[in-house]
Amino acid sequence: MTLPAPPPNAWIRFLAHLLFILAAWTLFIKYLFPVGYALAYGEPWARYIYWDLWPLAHVWLGWAMLKRPRYTRALAVGMSVIEILIIGTLFVRFLNDPEWSIWRTNWFVNKVFVLTCFVLVLAATVPIQKNLEERPL
């Protein structure tokens with residue numbers, strides 16, 4: 001029988017709740033706002049939606065950071081690296097020929113916050129150098 005994981009520290013709790021807020025914000029600007037806009041202008045409801053499951057992944061990581069199952073560190077590192085690579089690639093492509101429409105600006109602002117969050121999550125997984133202890137994730 002294994003002992004339960006110790007509770008996460010304040011920084012990890014903050015990052016977990018930041019992931020929940022990002023997921024809610026992403027649901028609003030990627031799904032609810034485009035559906036409302038399309039319906040207001042009499043267009044097909046899914047016309048402006050860019051479908052993906054990242055909000056669910058963000059909620060999963062936030063939950064894992066609070067409940068601390070054994071795979072939390074691997075999940076945090078893997079998801080952070082993938083997110084940073086994807087967003088970095090998309091930023092390079094976007095900034096070569098930017099289009100500042102309401103849809104692309106919403107996307108860009110959302111990605112800036114998501115990128116910032118995952119850089120912070122990845123930094124939280126780096127071992128502390130002075131005593132070689134690992135961070136809580």
Side-chain angles (χ1 to χ4, degrees):
M1 183 171 173
T2 59
L3 296 173
N9 66 26
W11 178 245
I12 299 304
R13 286 195 311 271
F14 169 79
L15 290 174
H17 289 94
L18 179 60
L19 284 164
F20 298 145
I21 292 169
L22 275 177
W25 181 27
T26 301
L27 286 176
F28 178 77
I29 69 167
K30 287 187 75 174
Y31 298 99
L32 297 178
F33 180 65
V35 167
Y37 183 89
L39 293 177
Y41 287 93
E43 298 182 27
W45 67 272
R47 180 177 185 146
Y48 299 107
I49 295 176
Y50 296 97
W51 297 97
D52 65 42
L53 296 175
W54 281 110
L56 293 176
H58 297 168
V59 169
W60 179 30
L61 179 58
W63 172 84
M65 291 171 75
L66 293 176
K67 297 299 180 185
R68 306 178 55 129
R70 297 176 56 93
Y71 59 81
T72 301
R73 182 175 162 73
L75 178 65
V77 171
M79 194 179 293
S80 296
V81 169
I82 290 170
E83 282 272 17
I84 291 167
L85 287 174
I86 290 172
I87 293 172
T89 301
L90 292 174
F91 275 5
V92 168
R93 291 173 51 193
F94 175 76
L95 293 173
N96 279 334
D97 186 23
E99 171 197 335
W100 296 109
S101 67
I102 189 169
W103 306 112
R104 298 304 285 173
T105 303
N106 270 346
W107 169 85
F108 185 79
V109 171
N110 177 261
K111 293 303 177 197
V112 167
F113 280 96
V114 172
L115 180 63
T116 303
C117 178
F118 278 96
V119 167
L120 294 174
V121 169
L122 187 60
T125 65
V126 175
I128 299 170
Q129 290 297 319
K130 68 180 183 182
N131 59 6
L132 299 179
E133 290 182 15
E134 291 190 13
R135 295 232 178 202
L137 284 180

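Under the 6.0 Å cut-off for aromatic ring centres, Phe14 and Trp11 qualify, their centroids lying closer than that.
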Exercise. side-chain contact (heavy atoms from CB on, under 4.5 Å) between Lys67 and Thr72: does it pass, once the steps are laid out?
Worked result: CA-CA 9 Å; Lys67 297 299 180 185; Thr72 301; over 6 Å; no
Problem set entry | Derivation and outcome, ring-ring contact (aromatic ring centres under 6.0 Å, His included), residues Phe108 and Phe91 | CA-CA 8 Å; Phe108 185 79; Phe91 275 5; 4.9 Å; yes
Exercise. Would Trp60 and Met79 satisfy side-chain contact (heavy atoms from CB on, under 4.5 Å), going step by step from the backbone distance to the final call?
Worked result: CA-CA 11 Å; Trp60 179 30; Met79 194 179 293; 4.3 Å; yes
For this session: Show your reasoning for whether side-chain contact (heavy atoms from CB on, under 4.5 Å) applies to Tyr48 and Tyr37.
Result: CA-CA 8 Å; Tyr48 299 107; Tyr37 183 89; 3.6 Å; yes
For this session: May I have the step-by-step check of side-chain contact (heavy atoms from CB on, under 4.5 Å) for Phe94 and Leu90, ending in yes or no?
Result: CA-CA 6 Å; Phe94 175 76; Leu90 292 174; 5.9 Å; no
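The shortest non-hydrogen separation linking Thr116 to Val112 is OG1-O, 2.8 Å. Residues Pro55 and Ala23 share a closest heavy-atom pair of O-CB, 3.6 Å. When every heavy atom of Ser80 is checked against every heavy atom of Val121, the shortest pair comes out as OG-CG1, 3.4 Å. Taking all atoms of both residues into account, the shortest heavy-atom contact from Ala64 to Pro69 is O-CD, 3.4 Å. Of all non-hydrogen atoms in Met65 and Leu19, the two that sit nearest each other are SD-CD1, 3.6 Å.
The side-chain heavy atoms of Trp25 and Val114, taken from C-beta on, include no pair separated by under 4.5 Å. Annotation: side chain of Arg68 is not in contact with side chain of Arg73 (no heavy-atom distance under 4.5 Å). Counting heavy atoms from C-beta on, the side chains of Phe118 and Leu61 come closer than 4.5 Å. In this structure the side chain of Trp100 never reaches within 4.5 angstrom of the side chain of Arg104, judged on heavy atoms. Taking 4.5 Å as the limit, every side-chain heavy atom of Leu56 sits out of range of all side-chain heavy atoms of Val59. In this structure the side chain of Asp52 reaches within 4.5 angstrom of the side chain of Lys30, judged on heavy atoms. Residues Ile49 and Val35 are in side-chain contact: their nearest non-hydrogen atoms beyond the backbone lie under 4.5 Å apart.
For Arg47, the side chain to side chain donor-acceptor pair (under 3.5 Å) partners two or more places apart in sequence, or in a different chain, are Glu43.
How far SG of Cys117 is from CD of Glu83: 8.5 Å, rounded to the nearest 0.5 Å. Annotation: the span from Leu122 atom CG to Leu15 atom CG amounts to 11.0 Å, rounded to 0.5 Å. Considering CD of Glu99 and OG1 of Thr105, their distance stands at 8.0 Å, rounded to 0.5 Å. Thr26 contributes atom OG1, which lies 11.5 Å from atom CD1 of Ile21 (distance to the nearest 0.5 angstrom).
Under a hydrophobic-cluster definition in which Ile, Leu, Val, Met, Phe, Trp and Tyr are linked whenever side-chain heavy atoms come within less than 4.5 Å, directly or via other members, Val77 and Leu75 are assigned to the same cluster. Both Leu115 and Leu18 are assigned to one and the same hydrophobic cluster, defined by single-linkage of ILVMFWY side chains at heavy-atom distances under 4.5 Å. Ile29 is not connected to Leu27 by any chain of hydrophobic side-chain contacts under 4.5 Å among Ile, Leu, Val, Met, Phe, Trp and Tyr, and they are in different clusters. Under the 4.5 Å side-chain heavy-atom criterion for grouping Ile, Leu, Val, Met, Phe, Trp and Tyr, Tyr41 is connected to Trp103 within one hydrophobic cluster. Hydrophobic clustering keeps Val119 apart from Val92 (ILVMFWY residues linked when any side-chain heavy atoms are closer than 4.5 Å, directly or through intermediates).
The aromatic rings of Trp51 and Tyr31 sit tilted relative to each other, their planes meeting at an angle between 30° and 60°.
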